[in-house]
Amino acid sequence: MPSPNSPTAPYIGRFAPSPSGPLHMGSLVAAMASYLDAKVHRGTWLLRIEDLDYDRNVEGADMAILATLQRCGMTWDEEATWQSRRLPLYQAALKRLQDAGLVYACGCSRKEIHDSVLHARLPKGGAAVYPGTCRHGLAPGKAARALRLRVPEGPQAVYGFADRWHGPQRQDLAGEVGDFIVLRGDGYWAYQLAVVVDDGVQGITQVVRGADLLDSTPRQLYLQDVLGLPHPGFLHVPVVNNANGEKLSKQTGALAFDTGTHAGELLASALLPAARFLGLDVRADDVEDFWRQAIPAWAQRLARLPERT
């Protein structure tokens, strides 16, 4: 039942939560969308725990996430993976970038970047554009804090892609982002590098996730190019906001939707509201029936995409 603008087979998708706490409604919406998209396209759905930000990891949260997904009726097709068990892959990717002369040490603090003369150049995500202070070497007395990846300049810096939900997207990496971090000052691997390496190794062909990551996609496309990895397709679903208009997250106090209640309550309080948020007309009486209805409903939703704003 794929839609007319359907991805070509074989389809391999994934859900990649961080174990910084239990799943909340925002993460359920992303999980549901990625799961349904894989099912509609008769593809493979993988589960990856993105646990590289060790300071934010909550003990036991990874196994709680797996249990919640299973209670919701979502089953991954291969063994779940953890980023913390794949560190040599990121090291190998970094070496490849270093050998190509694309990585340099940066000694700038966030405050220094914001205080630079380019502090007013803000991309969509609101972060200051890195002005290239350390591009040609560290200043005397400066210690390296992180490793950055050089972005191209001129027309080569412009990356565009067709998002299956939002339509055509475009970003000038040099003008809107600047050289970005691949290894953080605390020694942790940066999200942009790790997610690109993992998607490449796992053969991901379609990335379905929240629209808060729409702005990260051009950086990932560039990394895929310099690492010789294929570009997947992308679909970014709207994010769920709280009453203050903030994206639901652990940082904004988002609560777990799975409180251990019976399946009927989980259906009524979580699955059905998440489906409605995605624009699906599902009126099920149990979890099994929910997915029977949700899969064709997602196919119908895809047929109305991309959204016109």
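- Of all heavy-atom pairs between Ala174 and Pro152, the closest is CB-O, 3.5 Å.
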Next item on the list: Would you please test Asp37 and Lys39 for salt bridge (Lys or Arg N to Asp or Glu O under 4.0 Å) and show each step?
Entry: CA-CA 5 Å; Asp37 206 55; Lys39 293 302 178 184; over 6 Å; no
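- Here the side chain of His41 pairs no donor or acceptor atom with the backbone of Gly43 at under 3.5 angstrom.
- Residues Ile49 and Thr81 form no side-chain contact, since every pair of their non-hydrogen atoms from C-beta on lies 4.5 Å or further apart.
- Using a distance-only test at 3.5 Å, with no hydrogens or angles considered, no donor-acceptor pair links the side chain of Arg48 to the main chain of Pro17.
- Side-chain contact check for Pro273 versus Met25: some heavy-atom pair is nearer than 4.5 Å.
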Next item on the list: Please test Val151 against Val177 for side-chain contact (heavy atoms from CB on, under 4.5 Å), starting from the C-alpha separation and ending with a verdict.
Entry: CA-CA 9 Å; Val151 300; Val177 179; 5.8 Å; no
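- Close placement of the Tyr54 and Tyr188 rings is indicated, their centers lying within 6.0 Å of each other.
- Between Asp258 atom CG and His24 atom NE2 the span is 13.5 Å, to the nearest 0.5 Å.
- Side-chain contact check for Leu28 versus Met74: some heavy-atom pair is nearer than 4.5 Å.
- Of the N and O atoms on the side chains of Arg14 and Gln206, not one donor lies less than 3.5 Å from an acceptor on the other residue.
- The closest donor-acceptor contact from the side chain of Thr205 to the backbone of Ile12 lies under 3.5 Å.
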Item checked: salt bridge (Lys or Arg N to Asp or Glu O under 4.0 Å) evaluation trace for Asp51 with Arg56 -> CA-CA 8 Å; Asp51 59 342; Arg56 294 179 55 203; over 6 Å; no
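- Between Phe234 and Arg209, the closest side-chain pair of non-hydrogen atoms falls below 4.5 Å.
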Next item on the list: Might you work through the side-chain contact (heavy atoms from CB on, under 4.5 Å) test for Leu266 and Val287, ending with a clear yes or no?
Entry: CA-CA 8 Å; Leu266 191 61; Val287 172; 5.6 Å; no
Next item on the list: Test salt bridge (Lys or Arg N to Asp or Glu O under 4.0 Å) on Arg86 and Glu50 and set out the steps.
Entry: CA-CA 11 Å; Arg86 305 158 69 88; Glu50 297 195 336; over 6 Å; no
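- Proximity of a side-chain donor or acceptor of His166 to a complementary backbone N or O of His236 within less than 3.5 Å is detected.
- Counted by atom type alone, Thr44 and Asp77 present zero donor-acceptor pairs between their side chains at under 3.5 Å.
- Here CZ of Arg150 is found 6.5 Å from OH of Tyr104. Values are rounded to the nearest 0.5 Å.
- Linking Ile, Leu, Val, Met, Phe, Trp and Tyr whenever their side-chain heavy atoms come within less than 4.5 Å puts Phe277 and Met32 in one cluster.
- For the residue pair Gln192/Ser216, the side-chain donor-acceptor check at 3.5 Å is satisfied.
- Placement of Tyr130 and Leu138 in two distinct hydrophobic clusters is found when ILVMFWY residues are connected by side-chain heavy-atom separations under 4.5 Å, directly or transitively.
- With values rounded to the nearest 0.5 angstrom, Leu267 atom CG is found 4.0 Å from Leu272 atom CG.
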Next item on the list: List the steps, then state whether side-chain contact (heavy atoms from CB on, under 4.5 Å) holds for Asp225 with His231.
Entry: CA-CA 8 Å; Asp225 281 349; His231 292 177; 2.7 Å; yes
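- In this structure, Arg85 satisfies the cation-pi test against Trp82, with its NZ or CZ atom closer than 6.0 Å to the six-membered ring centre and inside 45 degrees of the ring normal.
- More than 12 heavy atoms of other shown residues, nucleotides or ligands fall within 6.0 angstrom of atom CD in Gln98.
- Counting heavy atoms from C-beta outward, Asp53 and Tyr191 have side chains that stay 4.5 Å or more apart.
- Follow the hydrophobic side-chain contacts under 4.5 Å out from Ile181 and you never reach Val196; the two are in separate clusters.
- By the 4.0 Å N-to-carboxylate-O rule, Arg292 lies close enough to Asp289 to be salt-bridged with it.
- Looking only at distances, a side-chain donor or acceptor of Glu176 sits under 3.5 Å from a matching main-chain atom of Asp172.
- Contact between Val226 and Arg96 at its shortest, heavy atoms only, is O-NE, 4.5 Å.
- In the hydrophobic cluster analysis, where Ile, Leu, Val, Met, Phe, Trp and Tyr join through side-chain heavy atoms closer than 4.5 angstrom, Val158 is grouped apart from Phe161.
- Side-chain contact between Leu23 and Leu69 is present, with heavy atoms from C-beta onward closer than 4.5 Å.
- Within the model, atoms CG of Leu149 and CG of Leu193 stand 8.5 Å from one another, a figure rounded to the nearest 0.5 Å.
- At least one donor-acceptor pair under 3.5 Å links the side chain of Ser34 to the backbone N or O of Ala30.
- The two residues Pro306 and Asp163 make their nearest non-hydrogen contact at CB-O, 4.3 Å.
- Side-chain contact check for Tyr90 versus Leu183: every heavy-atom pair is 4.5 Å or farther apart.
- Heavy atoms only, all atoms of each residue included: Val207 and Pro232 are closest at CG2-CG, 3.9 Å.
- Residues Tyr35 and Trp291 bring their aromatic ring centres within 6.0 Å.
- One finds the CG atom of Leu227 at 12.0 Å from the CD atom of Gln220 (value rounded to the nearest 0.5 Å).
- At a threshold of 4.5 Å between side-chain heavy atoms, the hydrophobic network of Ile, Leu, Val, Met, Phe, Trp and Tyr places Leu87 and Val201 in one connected group.
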Next item on the list: Take Cys72 and Leu271, measure what side-chain contact (heavy atoms from CB on, under 4.5 Å) needs, and give me the verdict at the end.
Entry: CA-CA 7 Å; Cys72 288; Leu271 291 174; 4.0 Å; yes
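- Nearest heavy atoms, Pro238 versus Ala211: CA-CB, 4.3 Å.
- By the 6.0 Å contact criterion, CZ on Arg135 is enclosed, its count of non-hydrogen atoms from other residues, nucleotides or ligands being greater than 12.
- At distances below 3.5 Å, not a single donor-acceptor pair connects side-chain atoms of Asp179 with backbone N or O atoms of Gly132.
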Check: Hey, mind stepping through Arg283 and Gln293 against side chain to side chain donor-acceptor pair (under 3.5 Å) and telling me if it holds?
Finding: CA-CA 8 Å; Arg283 308 179 188 186; Gln293 294 186 39; over 6 Å; no
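- When all heavy atoms of Ala297 and Leu280 are compared, the pair lying nearest together is O-CD2, 3.6 Å.
- When atom types are taken as modelled, the side chain of Thr68 and the backbone of Ile65 share no donor-acceptor pair closer than 3.5 angstrom.
- Taking CZ of Arg148 as the reference point, atom CZ of Phe180 lies at 10.0 Å (rounded to 0.5 Å).
- Counted within 6.0 Å of CD on Glu265, heavy atoms from surrounding residues, nucleotides or ligands total more than 12; the atom is thus considered enclosed.
- Here the side chains of Trp76 and Leu46 are not in contact, with every heavy-atom distance at 4.5 Å or above.
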